[in-house]
2 protein chains.
Amino acid sequence: MKQNPKTLLPSDLEDVLGYNLKRASVVMQNVFRDAQGEEGLAPRVFAALALVVEFPHVTQSVLAVKLGIKRSGLVAIVDELEDRAFLARTTVPGDRRVQALVPTEAGIAAFNNAAAKVRAKEAETLADFSESEVLTLLELLRKIRGHEGDE
Amino acid sequence: MKQNPKTLLPSDLEDVLGYNLKRASVVMQNVFRDAQGEEGLAPRVFAALALVVEFPHVTQSVLAVKLGIKRSGLVAIVDELEDRAFLARTTVPGDRRVQALVPTEAGIAAFNNAAAKVRAKEAETLADFSESEVLTLLELLRKIRGHEGDE
DNA sequence: TATTGTTATACTCTATAACTATA
DNA sequence: TATAGTTATAGAGTATAACAATA
């Protein structure tokens, strides 16, 4: 007997949360790149810088965990931020294995500048959202992120 | 004068919508892969199959637009679905350039099976969400997706 | 033995550009 | 000239595995 997709599949792709999250994520990623411009920071580099500014002297291993990536993958990101003179790898007395990451004045300024541009562009895109809608969305996304360590 | 990140940066990474979307998207992507298992469909292959099942005889160009990717990138996806005998590329009378994609019985069954597993696993992950929270989240994500063509 | 940072390597996802066969 | 599908190629982003230095 031949199956009829329309009647046997009341739920389709548009009802899959993961799919909607992915597509919406791509939209805001494009907004981010548009905000930063051609020579601007990539999203993941911005995220790393943000955490170094927020947590000065964070180690690479800890930062990788915070970002949800492997520490091997963080090397290139920190290299770029160091090349741009936005942070410095500094040795820590007592444990010569670790590289504490310290933001420079230029790094802090660059982060503030980039963050302001992101906030402005995101607000522009979210012009059709009420303030409470934005807050609700952030709250629900953080609730999903509460399952980050699961698998 | 030395800047103090704590006082000068009231808004941090956690307030960036794009960052929260990306992290939440990764969580649900892992849920998806966990649901499908080792030999299961990748998210993008599942999405393509879903649309072929929903829109039989869709062309590759149209499908690529629906998925938000370039048609060159769709080739490998359709190749995989054809290799698995989940769909067939069929010629269309009147225009020998186009390849209409038609789901097979096995493809429809595989989609139903995969979709059921995704629904179950997503529901499991969203056990701490109320029904209205899930609906609200989907609604807000679709509202963001309304800006898909912007840039 | 275990951990930190690093390198080498590979895989996934996507893009751009050029090709072919049709239109 | 333009379009549909394809190929070749490259670039992000991430992972695994192994290494050197250090603990």
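Remember, it's a predicted structure, so these values are computed and weren't measured experimentally.
Salt-bridge formation is not detected for the pair B:R119/B:E122: no Lys NZ or Arg NE/NH1/NH2 atom is positioned less than 4.0 Å from an Asp or Glu carboxylate oxygen. Between B:R145 and A:E14 a salt bridge is recorded (basic side-chain N to carboxylate O distance below 4.0 Å).
Grouping the Ile, Leu, Val, Met, Phe, Trp and Tyr side chains by contacts below 4.5 angstrom, directly or via other members, places B:V118 with B:V52. Hydrophobic clustering (side-chain heavy atoms under 4.5 Å, transitive across Ile, Leu, Val, Met, Phe, Trp, Tyr) keeps A:L140 apart from B:V16. Under the 4.5 Å side-chain heavy-atom criterion for grouping Ile, Leu, Val, Met, Phe, Trp and Tyr, A:L101 is connected to A:V62 within one hydrophobic cluster. Put simply, A:L138 and B:M28 are part of the same group of oily side chains (I, L, V, M, F, W, Y) that touch within less than 4.5 Å, one to the next. Transitive grouping of hydrophobic side chains (ILVMFWY, heavy atoms separated by less than 4.5 Å) keeps A:L13 and A:L17 in distinct clusters.
Taking each heavy atom of A:Y19 and B:A47 in turn, the nearest pair found is CE1-CB, 3.9 Å.
At a threshold of 4.0 angstrom between heavy atoms, the contacts of B:R44 include nucleobase atoms, whether or not backbone atoms are also involved. B:V98 comes within 4.0 angstrom of the backbone, heavy atoms only, and of no base.
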Stepwise side-chain contact (heavy atoms from CB on, under 4.5 Å) test for A:I144 and A:L21: CA-CA 11 Å; A:I144 288 178; A:L21 274 170; 4.0 Å; yes
Audit row: A:R97, A:V92, side-chain contact (heavy atoms from CB on, under 4.5 Å) steps and yes/no: CA-CA 8 Å; A:R97 289 173 307 181; A:V92 171; over 6 Å; no
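Taking atom NZ of residue B:K22 and atom P of nucleotide D:dA12, one finds them 15 Å apart after rounding to whole Å. Note: CG (A:L74) to P (D:dA12) measures 17 Å, nearest angstrom. The separation between B:L41 atom CG and C:dT12 atom P is 14 Å, rounded to whole Å.
Listed by residue number, there are no residues of residues 78-88 of chain A with a heavy-atom contact under 4.0 Å to DNA chain D. Residues from residues 58-69 of chain A lying near DNA chain D, meaning a heavy-atom separation below 4.0 Å, are A:I69 in numerical order.
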Sequence-aligned protein contact record of nucleotides 16-23 of chain C, with B where the base is within under 4.0 Å of a protein heavy atom and S where only the sugar-phosphate is: BB---BBS
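Between A:R33 and C:dA15, a side-chain N or O to OP1/OP2 separation shorter than 4.0 Å is absent.
In summary, the side chains of A:D128 and B:H147 do present a donor paired with an acceptor at a separation below 3.5 Å, with no hydrogens or angles considered.
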